[in-house]
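Chain letters run A, B, ... following the sequence lines, proteins first, then strands; residues in each count from 1.
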Protein chains: 2
Amino acid sequence: MDAKNLLKGHIAKVTQLTDAEFDHCFAQFKLRQFQKGQAVVTAGDMADEEYFVVSGCLKTFFINEDMKMFILQFAMPTWWASDYHALYERTRATINVDSVTDAVVLSITNDDREKLCRDFHNLEYFFRWRTNRGYVASQKRLLSFMNNNVKFRYEEFLKLYPDVYNIVPKNLIAAYLGVSRETLSRLYNT
Amino acid sequence: MDAKNLLKGHIAKVTQLTDAEFDHCFAQFKLRQFQKGQAVVTAGDMADEEYFVVSGCLKTFFINEDMKMFILQFAMPTWWASDYHALYERTRATINVDSVTDAVVLSITNDDREKLCRDFHNLEYFFRWRTNRGYVASQKRLLSFMNNNVKFRYEEFLKLYPDVYNIVPKNLIAAYLGVSRETLSRLYNT
DNA sequence: GATGGCGGGTGACCTAGATCACATTTGCCT
DNA sequence: AGGCAAATGTGATCTAGGTCACCCGCCATC
């Protein structure tokens with residue numbers, strides 16, 4: 001499916017926009033391609049865009065002082081990614097986004113999104129809905145972190161994101177689970 | 001400050017409603033009081049309301065199979081609390097909310113909030129803004145969980161919520177930090 | 001066909017924090 | 001005041017998972 005129809009269908013599941021309205025919104029997005037490993041958002045730089053994944057896979061991650069990587073999210077098609085803290089607060093990014101595979105995305109600036117939300121009440125509803133889901137998912141993951149050991153979280157991950165598992169190298173899965181790659185390796189070789 | 005003006009000021013920081021608009025919105029809220037320890041939302045029951053804290057302190061928490069408690073959030077005045085998963089999906093609650101101290105709150109049903117959001121674009125903006133902040137805070141906490149040890153998270157908590165720290169018993173702080181009360185006790189007696 | 005980097009496996013050891021057990025303090029209830 | 005329950009402190013032990021060190025195999029590039 002092409003980028004335009006993917007986004008259109010994605011929004012249509014949540015709210016209704018007329019074709020003219022959607023076309024206007026869509027005109028604010030830019031189609032962009034990233035190669036495997038290419039940076040999308042870099043910590044330390046200004047970040048003023050968010051990204052809707054059309055194909056491929058992005059990852060959102062943080063690198064600490066010891067150069068250790070923690071992955072907040074894998075973004076598959078129809079998922080959104082950015083450093084939302086930087087976006088909303090208009091500060092420099094503290095987290096990174098890059099592409100795990102070759103990827104095609106639609107980008108929109110924070111200002112353009114805000115303007116669209118002001119102009120189209122239904123779109124504002126859509127973005128509220130989207131963040132709600134992200135919030136709930138994030139709470140759930142936090143709870144799993146506190147409650148479950150690595151083995152459980154690993155199996156949970158497999159069930160929840162089987163497609164991600166097949167695409168992504170295991171050291172990245174470890175970084176998502178917040179565990180060393182050695183421990184993860186030992187898990188599935190019981 | 002009374003409940004009405006507290007809510008009014010809280011919303012006014014983010015968006016503009018006329019007095020008439022705000023009065024209409026406010027009419028959908030109910031003023032409720034809870035005693036220390038009283039349940040607000042109970043896991044297993046239907047949950048169709050969310051709560052704006054006027055005074056006192058609520059906590060949002062999960063109890064696992066071993067009766068162990070994990071606290072997702074302390075809600076101080078002007079904070080909101082509920083089981084949002086249950087609210088949005090219209091399912092039974094899986095997490096609990098209760099009052100840590102005697103508390104006064106404003107409650108609104110999910111349906112009423114949705115209706116208000118439809119009727120007042122600015123209010124929809126307000127709730128989008130609110131969830132955005134919650135999402136970012138949740139991501140940040142997740143990151144801190146992966147990245148930092150208990151001692152660091154404890155000190156972070158002290159800085160971030162000094163008022164909560166003075167009100168809340170330490171076993172609840174431990175449940176928030178995802179650590180045993182014994183370990184927490186040892187932390188500040190180095 | 002060497003070289004080098006990346007992904008992945010595995011052994012040996014170490015440590016943060018859990019768990020259990022019991023003592024002590026605090027504060028509320030009559 | 002006296003009594004009981006919740007909140008706290010603390011020692012002894014246990015363990016999940018981290019860290020370090022080294023291994024191999026793959027495949028891209030010169």
Side-chain angles (χ1 to χ4, degrees), chain A residues 35-39 57 59 61-71 74 96 98-102 141-158 164-190, chain B residues 35-39 56-57 59 61-71 74 98-102 141-158 164-190:
Chain A
Q35 294 179 311
K36 179 176 175 172
Q38 197 179 342
C57 177
K59 71 175 191 280
F61 62 104
F62 175 76
I63 305 279
N64 76 0
E65 327 77 60
D66 305 332
M67 296 286 100
K68 211 166 143 179
M69 178 200 299
F70 301 95
I71 295 179
F74 292 109
N96 309 270
D98 75 6
S99 37
V100 175
T101 64
D102 287 354
R141 188 166 164 213
L142 186 62
L143 214 44
S144 186
F145 240 93
M146 297 204 268
N147 196 5
N148 305 125
N149 64 15
V150 178
K151 180 156 198 176
F152 189 95
R153 296 207 310 279
Y154 168 67
E155 282 156 8
E156 194 176 49
F157 177 83
L158 288 190
V164 175
Y165 181 76
N166 293 319
I167 288 176
V168 166
K170 304 246 196 307
N171 59 339
L172 295 188
I173 310 260
Y176 179 89
L177 294 174
V179 76
S180 70
R181 56 163 205 85
E182 293 95 329
T183 298
L184 182 62
S185 163
R186 283 173 181 119
L187 273 185
Y188 44 69
N189 301 338
T190 319
Chain B
Q35 294 179 310
K36 178 174 173 171
Q38 199 180 339
C57 177
K59 70 174 193 279
F61 61 103
F62 175 75
I63 305 278
N64 76 0
E65 327 77 61
D66 306 331
M67 295 287 99
K68 211 165 144 180
M69 179 199 300
F70 301 94
I71 295 180
F74 292 109
D98 74 7
S99 37
V100 175
T101 65
D102 288 353
R141 188 165 165 214
L142 186 62
L143 214 45
S144 187
F145 241 93
M146 296 204 269
N147 196 6
N148 303 126
N149 64 13
V150 178
K151 179 155 199 175
F152 190 95
R153 297 207 309 278
Y154 168 68
E155 282 156 8
E156 193 176 50
F157 178 82
L158 288 189
V164 176
Y165 181 75
N166 294 318
I167 288 177
V168 166
K170 305 246 195 308
N171 60 337
L172 295 189
I173 311 259
Y176 180 91
L177 294 174
V179 76
S180 71
R181 57 163 204 86
E182 293 95 328
T183 299
L184 180 62
S185 164
R186 284 174 181 117
L187 273 185
Y188 45 69
N189 300 339
T190 317

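Contact annotation: the side chain of B:M146 never approaches that of A:I71 to less than 4.5 Å [non-hydrogen atoms, C-beta and beyond].
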> Which is it for B:F152 and B:N147 under the side-chain contact (heavy atoms from CB on, under 4.5 Å) test, yes or no, and what are the steps along the way?
Replying inline: CA-CA 10 Å; B:F152 190 95; B:N147 196 6; over 6 Å; no
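For A:R186 and C:dG11, a side-chain-to-base donor-acceptor distance below 3.5 Å is present, hydrogens and geometry of angles not being considered. Residue-to-nucleotide contacts include a donor-acceptor pair under 3.5 Å from the side chain of B:R181 to the base of D:dG9.
You'll find that the side chain of A:N189 is closest to C:dG9, out of D:dT10, C:dA18, C:dG9. Residue A:S180 has its side chain nearest to D:dT19 when only D:dG17, D:dT19, D:dT8 are considered.
Per the geometry, CE belonging to B:M146 stands 16 Å off C1' belonging to D:dG18, to the nearest Å. The interatomic distance linking A:L187 (CG) with D:dA16 (C1') rounds to 10 Å, in whole Å. Look at CG on A:D66: it is 12 Å from C1' on D:dT19, rounded to the nearest Å. One atom, CZ of A:F70, and another, P of D:dG18, lie 10 Å apart when rounded to the nearest Å. Here the P atom of nucleotide C:dT25 and the CG atom of B:N171 are 19 Å apart, to the nearest Å. One can place CD of B:E182 at 14 Å from P of C:dG17, the figure rounded to the nearest angstrom. Across the protein-nucleic acid pair, B:L172 atom CG and D:dT8 atom C1' stand 13 Å apart, rounded to whole Å. With rounding to whole Å, B:K68 atom NZ is found 9 Å from C:dT19 atom C1'.
The side-chain tip of A:R141 points at the ring of A:Y176 from less than 6.0 angstrom away and within 45° of straight on.
For the pair A:N64 (side chain) and A:D66 (backbone), a donor-acceptor distance under 3.5 Å is present.
No engagement by B:G37 is indicated, since no non-hydrogen atom pair under 4.0 Å with the nucleic acid exists. At the heavy-atom level, B:K36 lies nowhere under 4.0 Å from the strands shown.
For A:Y188 and C:dG9, the shortest distance from a side-chain N or O to OP1 or OP2 is below 4.0 Å. Contact annotation: A:T183 side-chain N/O to D:dG17 OP1/OP2 distance is not under 4.0 Å.
Nearest-nucleotide assignment on DNA chain C puts the 5′-proximal partner with A:P169, out of B:L184 and A:P169.
Crowding of B:E155 atom CD: a count of heavy atoms from other residues, nucleotides or ligands under 6.0 Å exceeding 12.
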